[in-house]
Amino acid sequence: MSFYCVIKTELSKKKYVIAALAEMQRKGEITSYVVNKKKEKIEVDRGGEIVTVSRANENSNFEIGGISRPAREISDRMKQLYAYESIKDNLPLDFEIAKETEEAGEIVIMLKG
Amino acid sequence: MNHDVIINVHSVIPVSRINGPGKRMVVFFQGCRNKCAGCFNPETHPFIRIAEYHPGTIFTKFYRPGIEGLTVSGGDPFYQRRGLLQLLRSAREDYGLSTVVYTGFEYEMLAASTICRTIFSYTDVLIDGRFDETKIEPTMLARGSTNQRLHFLSNRYTEKDLVMPGKIELIVGPEGTITQTGFSKVA
């Protein structure tokens with residue numbers, strides 16, 4: 001039998017949130033983002049649609065606010081890229097990425113170990 | 001289609017690239033009494049209702065065009081033999097899919113049963129035997145431990161087709177959900 005498990009992504013670490021936003025900007029999926037370090041708040045601009053990524057304190061998860069459609073779309077994509085960045089950053093030493101692809105809305109990572 | 005057959009399913013991966021040749025839908029059956037030490041999926045052992053589907057419904061709900069085959073894992077699918085047969089028959093006859101089945105039972109024992117022999121007639125590859133954590137498969141062959149045997153029940157595949165492109169597959173869905181599958185696991 002092969003292994004199976006599912007992990008739901010929570011936006012808990014600021015560095016991966018910012019890494020995800022940076023990747024979205026690099027791919028042209030958002031226009032820009034501005035980090036307010038004091039307020040644990042990030043303002044994201046997608047072609048004039050503004051959403052905010054914020055959390056109450058350092059121990060809580062980030063949440064996305066704003067107009068529902070862009071907020072949901074940006075939130076979903078940000079969670080996906082957050083997961084991707086988190087996986088890459090936390091791979092055990094005995095595993096390495098053999099291949100990674102993006103197709104049909106999914107990011108697929110093959111590991112050799 | 002025989003609609004009185006229901007399969008208790010633990011989970012389904014619509015497209016996996018590491019559970020047999022090519023892209024495959026993977027259906028994990030719920031329920032197993034083998035209790036292999038170090039089993040990858042202990043949560044699939046209890047015989048409790050998780051998600052019950054008619055075999056045909058599994059395809060209407062999860063099938064994605066372009067896949068090469070169906071892989072059945074678990075749990076152990078041979079605790080739900082009528083459902084397994086219907087699922088494999090539908091995979092082959094209705095969708096033209098190849099079929100790979102994992103079981104902790106041994107082929108010879110199963111082959112004594114008429115329904116299992118019928119199941120084998122709809123199975124391209126059967127991987128049998130209990131998982132043995134002292135014999136972990138070191139290569140990319142699609143099995144957990146080296147004692148497990150690959151039975152090629154049709155001429156569709158050979159052993160090289162069961163050499164996977166990785167040991168673990170991580171599928172990050174559009175909402176950030178990470179599905180992890182394969183023959184090892186990331187802690």
Side-chain angles (χ1 to χ4, degrees), chain A residues 1-13 16-17 19-21 23-24 27 29 53 61-64 71-113, chain B residues 10-20 23 26 28-29 32 34 36 39-41 43-44 64 66 71-77 100 102-104 127 130-131 138 140 142-145 148 164-187:
Chain A
M1 311 303 172
S2 65
F3 178 61
Y4 173 87
C5 84
V6 171
I7 302 160
K8 194 177 171 194
T9 297
E10 303 283 0
L11 301 173
S12 59
K13 289 200 163 64
Y16 299 133
V17 169
L21 289 170
E23 184 65 8
M24 288 170 75
K27 289 173 181 280
E29 297 172 8
V53 183
N61 292 329
F62 283 94
E63 293 179 359
I64 288 80
R72 188 186 64 251
E73 290 170 0
I74 290 171
S75 171
D76 285 351
R77 181 62 167 157
M78 198 168 64
K79 281 184 180 172
Q80 186 182 39
L81 291 170
Y82 177 105
Y84 171 69
E85 296 291 340
S86 172
I87 288 167
K88 282 201 305 182
D89 205 30
N90 291 287
L91 276 184
L93 292 175
D94 49 346
F95 286 101
E96 63 179 270
I97 294 176
K99 187 181 178 186
E100 55 181 73
T101 56
E102 187 164 358
E103 58 181 277
E106 294 178 337
I107 298 171
V108 180
I109 302 168
M110 291 287 181
L111 300 181
K112 279 202 277 193
Chain B
H10 176 267
S11 48
V12 178
I13 304 176
V15 183
S16 169
R17 299 141 191 87
I18 207 168
N19 280 282
K23 293 179 182 174
V26 189
F28 293 85
F29 279 37
C32 182
N34 291 334
C36 304
C39 174
F40 289 140
N41 297 325
E43 65 281 1
T44 64
R64 291 193 195 165
T71 292
V72 186
S73 188
D76 197 305
V100 174
Y102 286 87
T103 179
I127 295 135
R130 295 162 60 93
F131 173 67
M140 298 293 190
R143 63 182 177 185
S145 56
Q148 294 171 323
M164 299 293 98
K167 202 76 175 164
I168 296 173
E169 180 181 24
L170 299 165
I171 304 163
V172 187
E175 304 92 24
T177 304
I178 305 167
T179 301
Q180 187 184 144
T181 184
F183 297 90
S184 185
K185 55 185 173 182
V186 179

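Proteins get letters first, then strands, A, B, ... in listed order; numbering begins at 1 in each. For clarity, every value in this text was computed on a predicted model and none was experimentally measured.
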Worksheet item: With only heavy atoms counted, which part of A:I7 is less than 4.5 Å from chain B, the side chain, the backbone, both or neither?
Response: both
Fill in: Electrostatic pair A:E103-B:R17, nearest N-O below 4.0 angstrom
yes
Worksheet entry | Pick from B:E169, B:R64, B:H10, B:R143 with the largest number of heavy-atom pairs that fall under 4.5 Å of chain A | B:E169
Worksheet item: Under 30°, 30 to 60°, or over 60°: which ring-plane class applies to B:F28 and A:Y4, parallel, tilted or perpendicular?
Response: tilted
Worksheet, complete the sentence: Whatever's closer than 4.5 Å to a heavy atom in chain A on B:M140 counts as side chain
Worksheet item: If you tally heavy-atom pairs under 4.5 Å against chain A, which of B:I171, B:N41, B:T71, B:N19 wins?
Response: B:N41
Worksheet item: Under the 3.5 angstrom rule, does the side chain of B:T179 hit a backbone N or O of A:V6 as a donor-acceptor pair?
Response: no
Item to complete: Answer yes or no: are there more than 12 heavy-atom neighbours, outside A:K88 itself, under 6.0 Å from its atom NZ?
Response: yes
Worksheet, complete the sentence: So CD1 of B:I178 and OH of A:Y84: to nearest 0.5 Å the spacing works out to 12.5 Å
Practice prompt. Look at B:F40, B:F131, B:F183 and state which one has the largest set of heavy-atom pairs under 4.5 Å with chain A.
Written response: B:F40
Practice prompt. Return the minimal non-hydrogen interatomic distance between B:P165 and A:K112, and the atom names on each side.
Written response: O-CG, 4.5 Å
Worksheet entry | Gap separating the CG atom of A:L111 from the CD1 atom of B:I18, nearest 0.5 angstrom | 8.0 Å
Worksheet item: So which heavy atom on A:S2 is nearest to which on B:S73, and how close?
Response: N-OG, 3.5 Å
Worksheet item: Can you tell which of A:A98, A:A104, A:G105, A:G113 has the highest number of heavy-atom pairs within less than 4.5 Å of chain B?
Response: A:G105
Item to complete: Heavy-atom distances under 4.5 Å only: say whether B:I127 touches chain A with side chain, backbone, both or neither.
Response: neither
Worksheet item: Is a donor on one side and an acceptor on the other found under 3.5 Å between the side chain of A:Q80 and the backbone of B:G173?
Response: yes
Worksheet item: Crowded around A:E102 CD? As in, over 12 foreign heavy atoms under 6.0 Å?
Response: yes
Practice prompt. May I have the step-by-step check of side-chain contact (heavy atoms from CB on, under 4.5 Å) for A:V108 and B:L170, ending in yes or no?
Written response: CA-CA 6 Å; A:V108 180; B:L170 299 165; over 6 Å; no
Worksheet item: When rounded to the nearest 0.5 angstrom, what distance separates NZ in A:K8 from CD in B:E175?
Response: 10.0 Å
Fill in: Part of B:P14 lying under 4.5 Å from any heavy atom of chain A
neither
Discussion item. Looking at every heavy atom in both A:M1 and B:T103, which two are closest together, and how far apart are they?
Written reply: CE-CA, 3.5 Å
Discussion item. Give me the atom names and distance for the closest heavy-atom approach of B:G176 to A:A83.
Written reply: O-CB, 3.8 Å
